[in-house]
Amino acid sequence: MRLLLLNPNTTPAITAQVAASARAAARPDTEIVEATGEFGAAVIGSRTENAIAAHAALQAALSQPHPYDALALAVSLDTALDALREALDVPVVGLTEAALIAATLVSRRAALLTLGSRMVPPYAELIAHHGLASRVPVVEAMAMAPNDFLAGPLAAGDALRAHCERLAQQGAEALVLAGAVFAGHAAAIQPAVPVPLIDGAPVAVALAEMMVRLRLPKAAVGSLATPHGRASTGVAPQLAAWLKR
């Protein structure tokens, strides 16, 4: 199986970090191919940047030189998830979507932890979009930017552990770590936290592998059916050709 791991922001180090966590959980016969956005924000941290990244994600997904059997997003806002499912004929799995689903399998009341208070509303909306607001009612943010987390991983890891311990004490039965920069950190601090910590990367890979094995057909009708005959101007040739077909 060939899995495209797509990060629509423009920081290859984040792509590599998520890929390392994903490869640790992948089956031996799964090849993970990395792709990073060619334009847009270095790290997505606003609705505007996320909108730009959605364009980058579609362009990257439709521009790959080799076929792939499934796509997993390496971005915690599940950027362009529905659009990619509309555009592609292969399974598409979101990083946070996968983590949220896993949280519902091991808890009745989970929490999501991210970075920066600005991102709390978008993640709450994302949880609601996935239909899981009643199962993941708590969204909190560490007072730290993604770049700060990358720059000082040891101190950041200690702060992450303390925050997770507090959320567990307050009643969270599982914790979703929503941020691509969190990839790989759950395993390191899990022994100190009394509830499951969920890193979306390994779960997304496992779900993508499962979907490939199930061979479910793509819906030919409904909101995720592929559109045809759409005119466009100024987009990349691959995206324009897809819209027109």
Side-chain angles (χ1 to χ4, degrees), residues 1-9 11-36 57 60-61 64 66-79 81 84-85 88 90-107 110-115 126 130 132 135-136 146 149-150 153 156-157 160-161 164 172-216:
M1 169 184 158
R2 184 180 177 88
L3 173 65
L4 177 64
L5 188 71
L6 174 57
N7 172 22
N9 71 43
T11 303
I14 293 178
T15 311
Q17 184 172 334
V18 177
S21 181
R23 288 191 176 102
R27 291 163 56 99
D29 58 347
T30 296
E31 176 190 6
I32 294 178
V33 181
E34 303 168 31
T36 304
Q64 293 302 305
H66 303 293
Y68 48 91
D69 301 299
L71 183 150
L73 283 166
V75 57
S76 60
L77 283 170
D78 290 348
T79 304
L81 177 60
L84 288 165
R85 284 181 174 155
L88 303 178
V90 301
V92 180
V93 178
L95 193 74
T96 295
E97 174 192 47
L100 292 169
I101 291 171
T104 67
L105 299 178
V106 295
S107 73
L112 181 146
L113 180 61
T114 188
L115 293 168
L126 181 62
H130 289 316
L132 295 170
R135 299 291 299 277
V136 189
F149 197 94
L150 288 171
L160 176 61
R161 174 187 51 74
C164 289
E173 298 172 347
L175 297 174
V176 172
L177 304 184
V181 297
F182 285 147
H185 286 275
I189 65 172
Q190 181 65 84
V193 181
V195 298
L197 300 179
I198 302 174
D199 175 354
V203 185
V205 169
L207 285 180
E209 291 171 336
M210 179 192 73
M211 293 301 295
V212 170
R213 291 197 300 273
L214 288 175
R215 298 183 180 180
L216 297 176

[atom1]-[atom2] distance between [X] and [Y], expressed to the nearest 0.5 angstrom:
| X | Y | atom1 | atom2 | answer |
| --- | --- | --- | --- | --- |
| Asn9 | Thr15 | CG | OG1 | 6.0 Å |
| Met210 | Arg27 | CE | CZ | 12.5 Å |
| Glu31 | Leu4 | CD | CG | 10.5 Å |
| Arg23 | Ile32 | CZ | CD1 | 5.5 Å |
| Leu88 | Tyr68 | CG | OH | 4.5 Å |
| His66 | Arg2 | NE2 | CZ | 6.0 Å |

Practice task
Please name the residue in the list Glu97, Met211, Arg85 that meets the side chain to side chain contact (heavy atoms under 4.5 Å, CB included) test with Val92.
Solution key: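 It is Arg85; the other options fail the test.
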Which atom pair, heavy atoms only, marks the closest approach of [X] to [Y]?
| X | Y | answer |
| --- | --- | --- |
| Ala102 | Ile198 | C-CD1, 3.8 Å |
| Thr114 | Ala178 | OG1-O, 3.0 Å |
| Asp78 | Thr96 | OD1-N, 3.0 Å |
| Ala70 | Leu3 | O-CD1, 3.4 Å |
| Ala74 | Leu95 | C-CD2, 4.3 Å |
| Leu6 | Ala60 | CD1-CB, 3.6 Å |

Beyond-backbone contact of [X] with [Y], side-chain heavy atoms, under 4.5 angstrom:
| X | Y | result |
| --- | --- | --- |
| Asp199 | His185 | no |
| Leu84 | Leu73 | yes |
| Leu160 | Leu113 | yes |
| Pro67 | Val90 | no |
| Leu81 | His130 | yes |
| Ile101 | Val203 | no |
| Leu112 | Leu100 | yes |
| Ser107 | Val195 | no |

Practice task
Kindly indicate, with the supporting measurements, whether the criterion side chain to side chain contact (heavy atoms under 4.5 Å, CB included) is fulfilled by Cys164 and Leu177.
Solution key: CA-CA 9 Å; Cys164 289; Leu177 304 184; 4.0 Å; yes
Problem - Partner residues of Ala180 under the side chain to side chain contact (heavy atoms under 4.5 Å, CB included) criterion, sequence neighbours left out - result: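 Applying side chain to side chain contact (heavy atoms under 4.5 Å, CB included) to Ala180 gives Ile14, Val18.
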Handout entry: Neighbour count >12 (heavy atoms, 6.0 Å) for atom CZ, Arg215
Key =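 No, not enclosed.
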